[in-house]
Structure formats: C-alpha cells, structure tokens
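Structure first, commentary second.
Start at 1 and go down the list; that is how both ligands and their atoms are numbered.
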Amino acid sequence: MTTYKLPLPKDFEGKYKNKNTHLITLTNRAGMQIALTDFGARLVSALVPDRNGDLIDVVLGFDSIQGYLNAKEHYHGATIGRFCNRIANGKFSIDGNEYSLPQNNGSNCLHGGNEGFHNKVWDRQVSFNKLVDFYYVSPDGEEGFPGELKTTVSYELTNFNEIIIKFRATSNAPTVVNFTNHAYFNLNGEGNGDVLNHEVTILSNEFLPLNEDQIPTGEIFLVEGTAFDFRQPKTLAEDINSQEEQIKIAQGYDHSYVNNQPISEPIATAYSKESGIELQVFTTEPGIHLYTGNFLSDDVGKSGKKYLRFGGLCFEAQHFPDSPNQDIFPSVRLNPGEVFESEIKFKFNIRKPGN
Ligand code: BGC
C-alpha cells in the first residue's frame, strides 16, 4: 500500500463567528482514513484503498474553512439540518401555528435555511481515535423553526471500512426535523472528472416525482420503465440525459426513492470500474435521495481540480422532502419528551476486475 501523496487538508485551525474550527482525522486498521471538521459537522475526506492498494480520496471538499466559505456549493460533506431538502414556499404549520422560513431556493426553503447546520461550528468530542461526537444546540426560532433543538451527530470509522453516522435530537417544543449527510462521492477520486461511469444500484421500486419547483407532487411513481429504474446496476450515463420530464425538471437525478430495506441491507450501491471501489449505503431512513451534482459548477477542490457538473454523487438518506406539508409522507414531527434517532452507514469495498 502506498502512502497518500497529497497533503491532507490542514488549514482548519481558525475561527468562524468567534468559535474555533478544527480538523480531526481518524485512521482504521485497514489504513482507511477520514477527516472531519466541526464546521458543519462535516466529512472533509475519505481515503479509501483502490484495487491496487493505493489510497484515493473519494469525497469532494476543500483544504480550509475559507475554502468551504468561498465555495458556490455550501453543503459539501456537511450535516444538513434542521430540515434537509426543500420545504415548499418556506412555510409549514404545527397544531395550527404557521412558521415561516428563509426562502433561499426560489420560493422554497432548502437545507435548513441560510444559516442551516452546515454553517455552524459544532462542539466535539473524540473517542479512541475511532469516534467523533459533534453537538449543536439550535435556539428556539432559529431560521424560523420552533423549539430549542439539541442535536448530536456522531461519526465512527470501523475496521471494515465503514463510516457510521448517527443522528440524535430532542426538542423542548413540537418541531420538525430531517437530517442528512451531504457528502459528494467520486469513486475515481475527487476532482477526477465526472461520475457518469459509476454503476449505480438502488433497490427500490418507487420514487417521488417533482413539480417544476422541485417539490414532490405527493404522488409515488413506479420506477419500472423509467430512467429511474436502478434495480439492476446501470451507469448514471445511461439515462441521465433522457428526455423524460422528471429528468428535465431536475437537470439530472435529484429525486427521493422509497426505502424499504432494513439497516442490515444496502439500499444503494455505486461502483467504479476504474478504481474498483464500491460504496454501499445502509440507512434507517424511509428515503434515499439520489443527487448527481447537477448544479455543481466550477468550485476548485482540495487538490486544485475543478468540480464540474456531475463531478460527484450524493446518496442522501433522509425523510421525504417537504414532509411537513405532505400528510401521506412519514411524519417528521418531533415532540418534547421524544428522541429522534437515525443512522446512515457508508461502506467501502474493493471489487476484483471482472466482478
Ligand atoms: C438538493 C439539490 C440541491 C443540492 C445543493 C441537494 O440535496 O436535492 O436540489 O441543489 O442539494 O447542494
């Protein structure tokens, strides 16, 4: 196994809004290494062995806090909260009280508003070089959401090349929560072209169609016979330029699939023939949102390469977008006295040529 050649991101010791920022690295017995920062409780890099045993950084990101702040895309690798994805018109009601959120994506609220959890410096605790707990208390009324929300996100790197992310939250008033991790993966190495040659499998029969504002229509469509059918492995390239209306609306894939898999079975898999690296995604969440970096433009990443359109893919395990306004979707309400818990596992494997 060769050592990682690029310098690890290093310039993370700084301040953001009067709070100190840091970089934390974890290494497992297989040689895999991940880097995290308390700015946004974020995954900065994941160095994974490819089929030759060389370590490849498969996560898009930047080499300083300033890099994240300057980027056009704010969500790289971040914990997204208090409500990931879109809430239509930035409005929802709980028990007859209406709440208004920032409209930072057309008329919608996207990823928790302008100052979502990706933009906070979290407290942190590191245990046994394998586990990092991040803590953030979101005040009542922050970005328009009711209730003081105490949130913990923990990242564990196992010796089986798994990153296990656990979310936990409690609130002192009824509120809505939906967390995800927004890592962009490129299994050919970050900045190394696009991900269209990745073979993707999603073991779901159903996805949520969107309206022109990228809000779920409330219907559930069968994937059968559409560009959204990934029940058999298929490269992203195969249908990403399809003329189907749903692909045109999102300019690629930016859709939630219904997840009926237990946490012990992967809901989604991506594989690069080039590197031999396979990523499997496991989750307790009812949805898996496939986003193919349709709106990535020209940020320059940590190794100096441009992140182009389709330069990374996100498997965002989450509840369905706009759930607070859609009664038929699984509830996202969190009451005082309840504990919200969810889990996402990213597991990296190597496939031999021909498999
Ligand atoms: C959303 C995209 C959005 C992107 C921004 C994704 O989670 O689904 O529509 O453009 O985040 O990073």
Review point. Can the ring centres of Phe329 and His319 be said to be less than 6.0 Å apart?
Key: no
- Message: Is the distance from the ring center of Phe179 to that of Phe340 below 6.0 Å?
- Response: yes
For Trp122 and Tyr136, take the angle between the two ring planes, folded into 0 to 90°, and tell me which bin it lands in: parallel under 30, tilted 30 to 60, perpendicular over 60.
tilted
Sorted by chain and residue number, the salt bridge (charged side-chain N to carboxylate O under 4.0 Å, His left out) partners of Lys345 (sequence neighbours excluded) come out as Glu162
- Verify whether the ring centers belonging to His111 and His182 lie closer than 6.0 Å. yes
Using heavy atoms and a strict 4.0 Å limit, residues surrounding ligand 1 turn out to be Glu73, Tyr75, Asn85, Arg86, His111, His182, Tyr184, Gln214, Asp254, His289, Tyr291, Phe295, Glu316
Discussion item. Would you say the ring centers of His76 and Tyr307 fall short of 6.0 Å from each other?
Written reply: yes
